[in-house]
Amino acid sequence: MSLFVAEEDDHMNVDESPSSFHEALEEQPQHTSSSSTSSASSPDMDEQEDDDPIVSSIPLILSQVPNPSSQSLHLIQYPGRPKTLPYKDNLKPSIKEDSAFLEFKIPLDTSRFYDQSRSEDWGVSHQIEEHGLHGVLNKTEGGMYAGMVREDGKLILIPLDSTAQLRPSFKYLDDLEVARQAQRRNDFLEQSKPASVQVLQTSNAKSAAAQGNTGEGFANNALGESLRCIKKFDEERWTPLKFEDGEEAQKTRKELYTNVVETELKSKSTMSEYISELTKV
Amino acid sequence: MKRKSASDESFNDLLQPVYKGKKLTDPISTAKDKWNLLPAFLKVKGLVKQHLDSFNYFVDVDLKKIIKANELVLSDVDPEFYLKYLDIRVGHKSTSPPGTKELFLPPHECRLRDLTYSAPIYVDVEYTRGRKIIMHKDLEIGRMPIMLRSEKCILEGLTEQEMARYDECPLDPGGYFIVNGTEKVILIQEQLSKNRIIVEADEKKGIVQASVTSSTHERKSKTYIITKNDKIYLKHNSISEDIPIVIVLKAAGITSDLEILQLVCGNDAQYQDLFAINFEEAAKLDIFTQNQALNYLGKRVKTIRRAGAPKLSTFQEGVEAIATTIIAHLTVSDLQFRSKAIYIATMARRVLMTMHNPKMVDDRDYVGNKRLELAGQLMSLLFEDLFKRFNSDFKSSIDKALKKNNRTSEFDALLSINIHSNHITMGMNRAISTGNWSLKRFRMERAGVTHVLSRLSYISALGMMTRISSQFEKSRKVSGPRALQPSQFGMLCTSDTPEGEACGLVKNLALMTHITTDDEELPVKKLCYVLGCEDILSIDSANLHQPGNYGVYLNGTLMGTTKFPIKFVSNFRSLRRNGKISAFVSIYANSHQQAVHIATDGGRICRPLIIVQNNTPKVRASHLKKLLDGEWVFDDFLTHGLVEYLDVNEENDSLIALYEDDLINSTIEGTFTHLEVEPFTVLGAVAGLIPYPHHNQSPRNTYQCAMGKQAIGAIAYNQFRRIDTLLYFMVYPQQPMVKTKTIELIDYDKLPAGQNATVAVMSYSGYDIEDALVLNKSSIDRGFGRCQVVRKNTITLKRYQNHTKDIVSGMRVDENGEPIFPHASLGPDGLGEVGMRVESGQVFVNKSVPNNTLDNVLGGPGDRSSPTPAESHREAPSYYKGPEPSYIDQVMMSVSDNDQALIKVLLRQTRRPELGDKFSSRHGQKGVCGIIVQQEDLPFNDDGVCPDIIMNPHGFPSRMTVGKMIELISGKAGVLNGSLEYGTCFGGSDLEEMSQILVDKGFSYSGKDMLYSGITGECLQAYIFFGPIYYQKLKHMVLDKMHARARGPRAVLTRQPTEGRSRDGGLRLGEMERDCVIAYGASQLLLERLMLSSDAFEVDVCNNCGLMGYNSWCKTCSSSEYIIKMTIPYAAKLLFQELLSMNIAPRLKLGDVF
């Protein structure tokens, strides 16, 4: 679990300013592809094609987050949100670490473009003030870097731990649905005799408890793998994170590429060694 | 691959310094000599390498994977208990030195003794006994039938001499199993590729559907994306109704309509218009969030709950459906549904593209969309099923044992594992010997998977090993799957397919075909990322379908994108050519789908081609010299990147030159990427026998492919050691005068099936109409067309429960001390003596069976003291039956695996050709012998040469078998020149050169000679086309078919004559023949044929009641007054009685006719 910062550590630099992430999103892939291919396959290319001369060479510096045990770097993407409209500093992030699930709460501006009649249609008494974004953190397993060409022409690379695409969750709709269902159930229960209901409930509880006692492992086995994940996800608690997009973030960001041990990367393995390492079964 | 295999020996002389008149000092030119790659290829690959590769992969890799997937056996009773499989090996123990092959018996002994050629399966297990964890190595869980010549077979890697010691033929291809003494082949099965999207359209109905058959170890299911009223739905067998695509995508986590549109349509406005309607569908149903969509889906899942599984809520059902049921080969094991969502979106996109442009459909019959399933894959399916059964049986017996709490000793699980070891052995044996593949977990029953290896001739065995059977229904009248596909060029033989119902459905492999086995996906995936493919999980949906952005599909699943597909593909290929990844991974770009497809899965058909760069082939003369010098083997060409394997899809992405000349002066635009090794490799092993096939009308080549398998010839070097049910040998087989390169490669010249007959193409005697042949009697005397037929007779001596057993008793003699006629060929031991003549009605094994086999006659068990009287036996001898006598060739006595004595008697007949025997040349020109003429009466030429066969010239014009004529000319030139000529497809000896030889030797260039009549001595009016043609004798012989009956056995029920030659039956005068006789008015003939010669029966009919009585007495009327005797067919009498038994009284009313 080096992926994440220790649980109790609340001063985290997990999230960088979103704008920088956008930058990363735009340029990241090209960096990865070009950097890895140029470093990896250029000797091979040289052998084969002579019409591919070296124009200039850029020293690569592999860096890392200043404090790897408590810090980690993630790429967060917002598909469906144009680049020109970055999210501002009012995000409320939280995470379920074991399930690698990230959630952002974004306050809705109810003063403008808010369709009051729509929420009345839905039967929501209060205004919907929050908007949810969530997504799964995908481990990168190496090969993905945040890159930055410094003024001195050196390229700093910091490996990314994971990437995540955050999508709207429409939790308010689901909550509505749950509320409606509860209402329906209540209506149904009120119609039937309350006494029998109680009996029914206790028996339910009992059987559930009995099941829990005897066949916990068994039931777990019988559930599909993804259902077990969902169960685990439901049981896990949200850990709130702090969103930084001010001085602090700028500072951390600068730290990332200034506070670098300047050991220039030199390839120790040959191209073919690297490839065979990759293709090892 | 580098190993020296035994079958290589046979290729060695092809690689010798001087071979077929070619010396090393001869100039080597790539154009002429690159065919040498072919023997080199076959040296490594062999003719049945597909089967061996597949089996080796199964035993070495797949078995371990199966063990890994089912490694734990747990107990419901004791949660502490576990048993874990650590390793599995076939044929050698963990302690035995590497390379040990622990086998039952040598294969030939298994054949003779009706045993199974198998090796033990050892597993290493770790399990708990009480509190201790115990490791146990080399636990035998069953026996695995071993494919001959595979890595586990003792024959693998043996020299010709060592093979001889095992009574094994070095030319035998292997690739089959021996189960209970019979050789069984698992035919190659052709199937539509799994886990790939296939889009089809019905333009009339306006339906487009994309389907994918997902196949995993646990389940097989099919998911469809279909259109209905221009709306797109998902259809799946375990979902009760079609789900709108937008809801499916929302359930898979793509909640925003914008993103759905981006994933399915991209920026294309036309696609967006087509797709927009689908959003309405979801909106109408009020489904906006993932949870709502999952609930909607979950409500419609058909639940099949297994016992003990917990009941799931609708939401959970929905999750389960998305995660595992739909597109089952992509299993989601965490919360990330994105890959699945993208897969579904891709399918929807393909449907949309086809709705927009109906030409975007896939072709089911395209060879690139097919996968071949081989022995290894089928065995692995079977083994996994059996292993699962084995484990569940094992588990239940453990549970039973663990339930008893008061045990004296600690429970040892291994004690109960051995009980079940027979299941795996028996299961494998039964499946292979019956051909019924029943897989419980897929609820699949497949019959006819295995066949008995045909040993009619070497070619028929070889043809069977390369055969591919299709899963298509034979009776369906569809032309598509039967048609010759352009994409099968070089992969599947274009000529070799049967005629009739299986035409085009049964195919054969071409000579250079290789079938891939599974390769690991992960390394390829990593490599793709390194080569600049962007991970699909970090790609923005908006950019996915940007023009110029190519999706990278690994085995049909979108794993990323690249903006530089050409560079990506060429980089990938260069890595493959450098041997960094498996040579059998294929990659190609498809511009219509904007996709780069990479395939690593097994069962793809591929073949080697020479790489061309800058219009020059990479294989140079120097490389070929190294090959000829023995410095290099075929694999060196691969590792040096000179030759590579292409599968059908990648071939489609290449420009392949047929000849080296085409590289320089070609009218085709574009740069060549590859060069054929040899064009004649488009044909398979069987079609390769035909000389000059490129001059024949194509169906003639197909006919020859069918007939080549029926030709009598040499079977194998060990043919006289074999005891098969029925074998045919040719007595003096000859290698053909006109060979092909294929003939040399497959060693047909060492095990030929035919003779070079001198043929005169002329009319003679009138007994040569309708393709009949005139044979020369002296040729027959000299041994032309002579063959031997040996037939096996098996006798088992059984043992019974009451300790009695069958015995073989000696011969009986008459008063003179001579053996009685039926026992004339027996020896004193009651077995026929080798070399004795057996006539019809004589005995070859005088077996006697005990009269009482059921209970012990001699009192109870207490009565043991009384002396046992000799058991009484009655004779149950094996009689020989047949029109011609046979000779006893071999007698074998052995013990089969259930301890019963096994006697096999081999009876031999030597047959000379007679009228009606069938012959054929190698050009689909078959004919029967019409007359046998004394040599004196046959025409002869100036040299006094008489023809062996006279063939009627009318056989040529309509058949257009020009190849046969060229064969004659080349053969004649070869005879005169003392050389063997070649008739290789798209090559071979040049006709002009052959004519020149003829002219030089004083013959006509055209192959025509002046002949003199054998009867008058005058020269014939016309020049006669005269020369050697290779003729095959086919297995259809008059002796096996002739049949006549004057009187004979009748069926018991109807008293009509029996049916069929084997029962000495009559020939039926059927309905239509009866109609003819009626129409002609031959009433007495009708009466005779239908009643008198069949089942006439005299009945007593009572004219009073109309029913039948007997003995001149009517039982109904209790009188004999009105009884009239008359003759009716017995079948009619039977009918009346059967009607009576059903309470219907058929009453006959008799009146006077005159």
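FYI, side chains are in, hydrogens and waters are out, and symmetry mates aren't considered; it's all heavy atoms of this structure. So you know, we letter chains A, B, ... as the sequences are listed, proteins then strands, and number each from 1.
- In this structure, the portion of B:Glu259 lying under 4.5 Å from any heavy atom of chain A is its side chain and not its backbone.
- For A:Thr163, the part lying under 4.5 angstrom from a heavy atom of chain B is the side chain only.
- Ring geometry for A:Phe104 against A:Tyr78 counts as tilted: the plane angle lies between 30° and 60°, on a 0 to 90° scale.
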(request) Report the C-alpha distance between B:Lys68 and B:Glu71 in whole Å, list the side-chain angles of each, state the deciding distance to 0.1 Å, and finish with yes or no for salt bridge (Lys or Arg N to Asp or Glu O under 4.0 Å). (result) CA-CA 5 Å; B:Lys68 191 92 190 129; B:Glu71 61 180 357; 3.7 Å; yes
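- Contact of B:Thr324 with chain A is not made at all, since no heavy-atom distance falls under 4.5 Å.
- No hydrogens or angles considered: nothing links the side chains of B:Asp62 and B:Tyr57 as a donor-acceptor pair under 3.5 Å.
- At a 4.5 Å heavy-atom cutoff, the contact between B:Ile539 and chain A is made by backbone atoms alone.
- Under the ring-ring contact (aromatic ring centres under 6.0 Å, His included) criterion, B:His329 pairs with B:Tyr343, sequence neighbours left out.
- Listed options B:Leu258, B:Thr562, B:Leu537, B:Ile581 were ranked by heavy-atom pairs under 4.5 angstrom with chain A; first place goes to B:Leu537.
- A heavy-atom distance below 4.5 Å is found between the side chains of B:Met559 and B:Cys533.
- The candidate from B:Lys525, B:Gln292, B:Arg338, B:Gln262 with the greatest count of non-hydrogen atom pairs under 4.5 Å with chain A is B:Arg338.
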